[in-house]
Amino acid sequence: MKLKEFEGKQLLASFEVSTSKGLVANTAEEAQAKITQIECAEVAVKAQVLAGGRGKAGGIKLVKKSEAPETTRQMLGREIKGKKIEQVLIEEKLEIEKEYYLSLTVNRSEKNVTLLFSEEGGVEIEELAKNSPEKIKKIGIEREFNAREVERKLSTSKHAREITEIAGKMFKLMKAKDAELVEINPLAISRGKLVAADAKIIIDDNALYRQPEFAPLKQRELSESEKKAKQSDLNYVELDGDIAIIGNGAGLVMATLDIVQHFGGKPANFLDVGGGANFEQVQKAVEIVLEKNPKGIWINVFGGITRCDDVARGLANYKKEKQIKVPIVVRLIGTNEAEGKKILEENGISTQDSMEECAKKIVELTR
Ligand code: GDP
Ligand code: MN
């Protein structure tokens, strides 16, 4: 899970890495009301979106303190790389003399934490890696952070000692908060001091159970439909196409996605009702996948613990109460299959037994 810049900076500050003084505003009025907290005559107004390269995209503006609320007004509601700006960070402007790049990443292939450092920060690391890889220093950190060794390896830099100290704090943060990335780009020299001018931190999703402070933030990555699915214990994922898919069990759902693609269709989403899905869950599942306005739905259920008649009743009931305006293709096999098919037939829904037939049919009907 990615943290926003200001969240990353708060974490860095709690591990004693220097950051600029700043405030967060959700509206221009809030910016106006809080701006007295800032002593500097000039500020940086920074879009708080989960995307890099904001500078080039107009998401970073250096303005007079008095202009900050107006700049905030102009920035809010705009989009950067498809992400709507809902919040800005207003900070005392740094006098940047030099920009370093410094990051720590959990490196799975080398089974260590890898420190990356460059004298030429400010640009995105991918860009730097492509254009001048020789300018990136790579240091593997095994288990413990050995400051003497890191400092020696950074010794060509004028600020080797201070950078090592900051890297040590980042390493502590990484361990304590289960981060998989801690990046400061740029790590700037302003008025002779090293300051984190930007922060990008990614927390390992698999560690959220022991990092409760971040758990509420996880919600914001989900769409409304995804939140609803989660509340009903349904596994739901959104995609870009126009065919909604409901199935039970990850394997069957993946196979369903594949065969739809094979016949030239594009899934809009998929929802795994899991084992033992009941009448209510099936109705909920149909409701959720329809929220994306697909051109058709394919329901593919292999009854085991899940009973076909339960699924059929849920689907039939939903159709009766709310109507389904797009074509439906159903494959219903296994436990109580005959009963399930009968219920569907009575409600004007036909079924097909072959995966291939179903896939071809839904692709055709949604073309
Ligand atoms: P990113 O483009 O999303 O990575 O956003 P950054 O926070 O890294 O800002 C991009 C660039 O804007 C930095 O590399 C700096 O050159 C510049 N910048 C950001 N904050 C300040 C500041 O307070 N003062 C000055 N002078 N430049 C800044
Ligand atoms: Mn940056």
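Numbering of ligands and ligand atoms starts at 1, following listing order.
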Ignoring hydrogens and geometry beyond distance, is a side-chain donor-acceptor pair present between Thr351 and Asp353 at under 3.5 Å? no
Contact check, Lys46 vs ligand 1, heavy-atom distance below 4.0 Å: yes
Using a 4.0 Å cutoff against the non-hydrogen atoms of Leu94, which atoms of ligand 1 qualify? 22 (C), 23 (O), 24 (N), 25 (C), 26 (N)
Contacting atoms of ligand 1, where contact means under 4.0 angstrom from a heavy atom of Ala44: 23 (O)
Closer than 4.0 Å to some heavy atom of Asn185 - which atoms of ligand 1 meet that? 8 (O)
Of all protein heavy atoms, the one nearest atom 28 (C) of ligand 1 is Ile96 CD1, 3.6 Å
Atoms in ligand 1 flagged as close to Lys93, the criterion being non-hydrogen separation under 4.0 Å: 23 (O), 24 (N), 26 (N)
Can you list the atoms of ligand 1 that are under 4.0 Å from a heavy atom of Ala197? 7 (O)
Side chains of Asn300 and Thr256: do they bring a donor and an acceptor to under 3.5 Å? yes
With only distance considered, is Ile60 within less than 3.5 Å of ligand 1 through an N or O on each side? no
Between Phe171 and Phe145, how do the two ring planes meet: parallel, tilted or perpendicular, split at 30° and 60°? tilted
Can you confirm whether more than 12 heavy atoms, excluding those of Lys172, are under 6.0 Å from its NZ atom? no
Considering only protein heavy atoms, which is closest to atom 1 (P) of ligand 1, and at what distance to one decimal place? Arg54 N, 3.6 Å
Cluster check Leu50, Leu11: I/L/V/M/F/W/Y, side chain < 4.5 angstrom: no
For Glu238 and Asn269, which I'm curious about, is there any donor-acceptor pair between the side chains at under 3.5 Å? no
Find all atoms of ligand 1 within a distance of less than 4.0 Å from any non-hydrogen atom belonging to Glu99, and give their numbers and elements. 13 (C), 14 (O), 15 (C), 16 (O)
Are Ile245 and Leu239 connected into the same hydrophobic cluster when the rule is that any two of I, L, V, M, F, W, Y join if their side-chain heavy atoms are below 4.5 Å apart? yes
Distance under 4.0 Å to a non-hydrogen atom of Gly55: what atoms of ligand 1 satisfy this? 1 (P), 2 (O)
Look up atom CZ in Phe6 and atom OG1 in Thr19, then write down how far apart they are to the nearest 0.5 Å. 13.0 Å
Can a side-chain donor-acceptor contact be found between Thr156 and Lys137 if the only test is distance below 3.5 angstrom? yes
Do you know which N/O/S atom name in Asp198 is closest to the Mn ion (ligand 2)? OD2
Are any of the protein's heavy atoms under 4.0 angstrom from atom 11 (C) of ligand 1, yes or no? no
Under 4.0 Å from any heavy atom of Asp198, which atoms of ligand 1 are there? 1 (P), 4 (O), 5 (O), 6 (P), 7 (O), 8 (O)
Nearest-0.5 Å distance that lies between atom CD in Glu162 and atom CD in Glu165: 7.5 Å
Is there any N or O on Lys56 that sits under 3.5 Å from an N or O of ligand 1? no
